[in-house]
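Below: the structure, in structure tokens.
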Amino acid sequence: MSSLLTDLNPQQLEAITLPHQSVLVLAGAGSGKTRVLTTRIAHLIQSGQVSPHGVLAVTFTNKAAKEMLTRITAMLPINTRGMWVGTFHGLCNRMLRTHCQDAGLLQTFQILDMADQLGMIKRILKRLSVDDKQFPPRQVQWFINNAKEAGLRAAYVEVDDTFSRRLLELYQAYEQQCNRDGVVDFPELLLRCYELLSRNEILRDHYRERFHYILVDEFQDTNRLQYKWLKLLAGADTKTPAAVFVVGDDDQSIYAFRGADTKNMKEFERDFGISKVIKLEQNYRSHGNILEAANALIKNNSGRLGKNLWTDEGQGEPLRVYNAPNDYDEASFIVDEIKALHAEGVALSQIALLYRSNAQSRVLEHSLFNASLPYRVYGGMRFFERQEIKHALAYLRLIANPEDDNSLLRVINFPTRGIGSRSLEQLQDEARHLDSSLWAAALHKIGGEVTIMQQTEKVQKGVVGFIQLITTMRQDWGALPLPQIVEQMLTQSGLIAHYSKEREGADRLENLNELINAATSFVHEAEDDSLAAFLAHAALEAGEHQAGSGQDALQLMTVHAAKGLEFHSVFLSGLEEGLFPHENSMNDTNGLEEERRLMYVAITRARRSLYLSLAQSRMLHGQTRYNIPSRFLNEIPENCLKWLQSVPQQSMNPYHSEKNTVVKKEKFSQQSAPSSQWRIGQNVQHAKFGLGVIVNYEGSGSDARVQVNFNRVGTKWLLLEYAKLAVV
DNA sequence: ATTCTTTAGTTTTTT
DNA sequence: ACTAAAGAAT
């Protein structure tokens, strides 16, 4: 009947055209999941079952949300403005901004990212003089976020030992501080919003009345709180619940580490009285060998909901595996293969280079840069996370709300204006006395001592200057458009001047300029172009701002970031035990199964060709590590794989040999050369400490000592004369 | 108070 | 290897 519904298989068609009821769609990788989701929305609107106003679609990443909107607008020539499409956090932020009073928040409430949050926790630990050895800030952060993601306020957390009790007190102190500063962390966005809806019947009914159709992508990655929020919003327990269309794949659940729980799928079936589960099992993406490899691998996981992907396509080429002697050789192999593919006509943007952890991108980038292959890195160090941008944002936040202690502390002496630790301490004491923010304390101090004039002027000059600076900035705010506010702030704060003076400041200045551009384009694109909205955008979409996205470039990202994307060719690097699966996850079954799902995700990104590579040795944390091939390679059937030979040739790898000689030269020039068997990188055996690698040495003759990194006991300095080291 | 130097922790993945 | 924090020197 309509062009929307052509070229669909029966299951896809059924999912798309389902009447007003809730449904669970189990969609395997490459089964047209996103297409089904977007087509359903378009179909619902086109057939008049709902107006854009009544649709709410939740995705997991901003990238996915954007993609969804683009696809819908391509299918339907309508204005999608009324539709709510976004991430859980984005949608909650939107609701909280709209109803900030009911939510007990300032109009200008700010969002803390993970680093901000950690800084805040560190500050609280210091204030309460808690030993941060005993209570590592990271662990406190983990505790707080976990509680929030389970939907628990401090008052409801149950603890049974003194350690947890202390953690709970810290949680409480943290909550207080957040409330006073008017800041909100990531899980707080959800929890606040959930509480708002459950407390406020009018609002709840308003939104229930509005959103008759709710669609959720990547449902397997939702955590408990997100699910509760969804249930509440949809009115699962009412007579007229919304039609909730949920798409997920338990085999692609890779966010358990931040509370995602596939049990939500079972609960969804129960809570929404699901009578229909639709399975999409035909894969339209990958060739046979790739799919066979993925299926065989994921079979090793237990407790799957069960589904088997199949394809009409031919077997295609085998997966190519390359076992490199070291990480530089691995990189140059990848570079060569990418060049070859590109020469054959594959667009660089259709080639992805994936890795398990961000740290691995360095070596790869180096080789790509030397080969002048254009590439684009997703994730890693993001624009809004750079320190100069963080400083600038802190000033902007203070303009919006000077009570924000976090931001104040970040920039009160940056650029330096003579406010040292001493003055800061005084200020913090004052704030504690008054039980107020640092800003209020500073105002109070100046106000109080203005009568004593002379001395104050000397002691507090820096602080007075800072207060005047922020006050002046605040006066202009409101009158000026956003980009001008940013521009003025950059000069008035002295950030520009500071980075102009710095040796390596050129990049930073460029980034600060880019911030003005970001503000300009934000004003053009966003409906709400207020300062607060811009700051929320900066916190929530930290990764989305990427310069130079226009040209054809190779795509570099972690496997996590690659979920939901597909490429003609995929390179998966670092397939070694300890790296992938990661050593932190290898010890328990759950961790290992999640790693395997991650591997599954990685494999299924490829349409036509897939390259797997590993290195026998690689630099990590400044040390050479020797790894064995990943167990996942053994889980892929041999007939899918084609092992490539590595050719040990000096000329093939000029960078690596050059680098090595540089390192060695330095060592030799400063110290006498030890006998040839004791050299850096040599594997040795010690009677007591076991196996290790020599990482450094000094002295000579009877004084000669070597530093050895032992597998079991870490690094030790040993006198060669006494330590009976054996070469392995 | 600021800047230079040394040291310790850190990195798994992300909204 | 790299960065943030602590310590020492100016």
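These numbers come from a predicted model, not from an experiment. The chains referred to below are lettered A, B, ... by the order of the sequence lines, with proteins before strands, and numbering in each begins at 1.
In this structure a side-chain-to-backbone donor-acceptor pair under 3.5 Å is present from N223(A) to Q226(A).
The side chain of S423(A) contributes an N or O atom lying less than 4.0 Å from OP1 or OP2 of dA1(B). Phosphate proximity of dT14(B) to T558(A): present, with a side-chain N or O under 4.0 Å from OP1 or OP2. Of the side-chain N and O atoms in N358(A), one or more sit less than 4.0 angstrom from OP1 or OP2 of dT13(B).
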Protein heavy-atom contacts under 4.0 Å, written 5' to 3' over nucleotides 2-10 of chain C as B (base), S (sugar-phosphate only) or - (none), form the string ---S-----

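Of all the residues in residues 90-98 of chain A, not one reaches under 4.0 Å from DNA chain B with any non-hydrogen atom. Within residues 182-197 of chain A, the residues approached by DNA chain B to less than 4.0 Å at the level of any non-hydrogen atom are F186(A), in residue-number order.
E388(A) is linked by a salt bridge (Lys or Arg N to Asp or Glu O under 4.0 Å) to R508(A), counting only residues two or more places apart in sequence or in another chain. Listed by chain and number, the residues in a salt bridge (Lys or Arg N to Asp or Glu O under 4.0 Å) with D249(A) are K307(A) (sequence neighbours excluded). With sequence neighbours left out, N301(A) forms a side-chain contact (heavy atoms from CB on, under 4.5 Å) with I298(A), R304(A), E593(A), R596(A), R597(A). For V363(A), the side-chain contact (heavy atoms from CB on, under 4.5 Å) partners are D327(A), Y328(A), A331(A), not counting sequence neighbours. Residues passing the side-chain contact (heavy atoms from CB on, under 4.5 Å) test with A234(A) are I214(A), A242(A), V244(A), F272(A), sequence neighbours excluded.
With rounding to whole Å, L118(A) atom CG is found 15 Å from dT14(B) atom C1'. What separates CG of D221(A) from C1' of dT14(B) is a distance of 10 Å, to the nearest Å. One can place CG of L354(A) at 14 Å from P of dT13(B), the figure rounded to the nearest angstrom. The distance between atom CE of M599(A) and atom P of dT13(B), rounded to the nearest whole Å, is 18 Å. A straight line from CG of N413(A) to C1' of dT3(B) spans 13 Å, rounded to a whole angstrom. R597(A) places its CZ atom 18 Å from the P atom of dT12(B), with the value rounded to the nearest Å. Rounded to whole Å, atom C1' of dT13(B) lies 17 Å from atom CD of E593(A). Look at CH2 on W142(A): it is 18 Å from P on dT13(B), rounded to the nearest Å.
Listed by first then second residue, pairs satisfying salt bridge (charged side-chain N to carboxylate O under 4.0 Å, His left out) with a partner in residues 138-149 of chain A read K148(A)-D185(A), K148(A)-E188(A), not counting sequence neighbours. Within the structure, no pair that satisfies the salt bridge (charged side-chain N to carboxylate O under 4.0 Å, His left out) test touches residues 84-95 of chain A, not counting sequence neighbours. Among residue pairs with one or both ends in residues 581-591 of chain A, those qualifying as salt bridge (charged side-chain N to carboxylate O under 4.0 Å, His left out) are E583(A)-R625(A); sequence neighbours excluded.
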When you look at R258(A) and D221(A), which way does the salt bridge (Lys or Arg N to Asp or Glu O under 4.0 Å) test go after all the steps? CA-CA 9 Å; R258(A) 71 169 191 219; D221(A) 286 328; over 6 Å; no

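Among the atoms of the strands shown, none is found under 4.0 Å from any heavy atom of D113(A). At a threshold of 4.0 angstrom between heavy atoms, the contacts of Y255(A) are confined to the sugar-phosphate backbone, with no base atom among them.
Both E149(A) and E595(A) lie close to DNA chain B; mapped to their nearest nucleotides by heavy-atom distance, the more 5′-ward contact belongs to E595(A).
Centre separation under 5.5 Å together with a plane angle under 30° holds for the ring of F257(A) and the six-membered base ring of dT13(B), marking them as stacked.
For R224(A), the CZ atom sits in a loose shell: 12 or fewer heavy atoms of surrounding residues, nucleotides or ligands are nearer than 6.0 Å.
Judged by distance alone, with hydrogens and angles left aside, R356(A) brings a side-chain donor or acceptor within reach of the base of dT13(B), the pair sitting under 3.5 Å.
Looking at heavy atoms from C-beta onward, Y355(A) lies in side-chain contact with L556(A) at the 4.5 angstrom threshold. For the pair V183(A) and F109(A), the minimum side-chain heavy-atom distance is 4.5 Å or more.
The SG atom of C92(A) sits 12.5 Å away from atom CZ of R192(A), with the distance rounded to the nearest 0.5 Å.
Closest approach to the H560(A) side chain among dT13(B), dT12(B), dT15(B) is made by dT13(B) (side chain taken as heavy atoms from C-beta onward).
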What pairs of nitrogen or oxygen atoms, one from the protein and one from nucleotides 8-11 of chain B, lie under 3.5 Å apart?
unit_1, atom_1, unit_2, atom_2, d
dT11(B), OP2, R138(A), NE, 2.3
dT11(B), OP2, R138(A), NH2, 2.7

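Remark: K33(A) engages D217(A) in a salt bridge, criterion side-chain N to carboxylate O under 4.0 Å.
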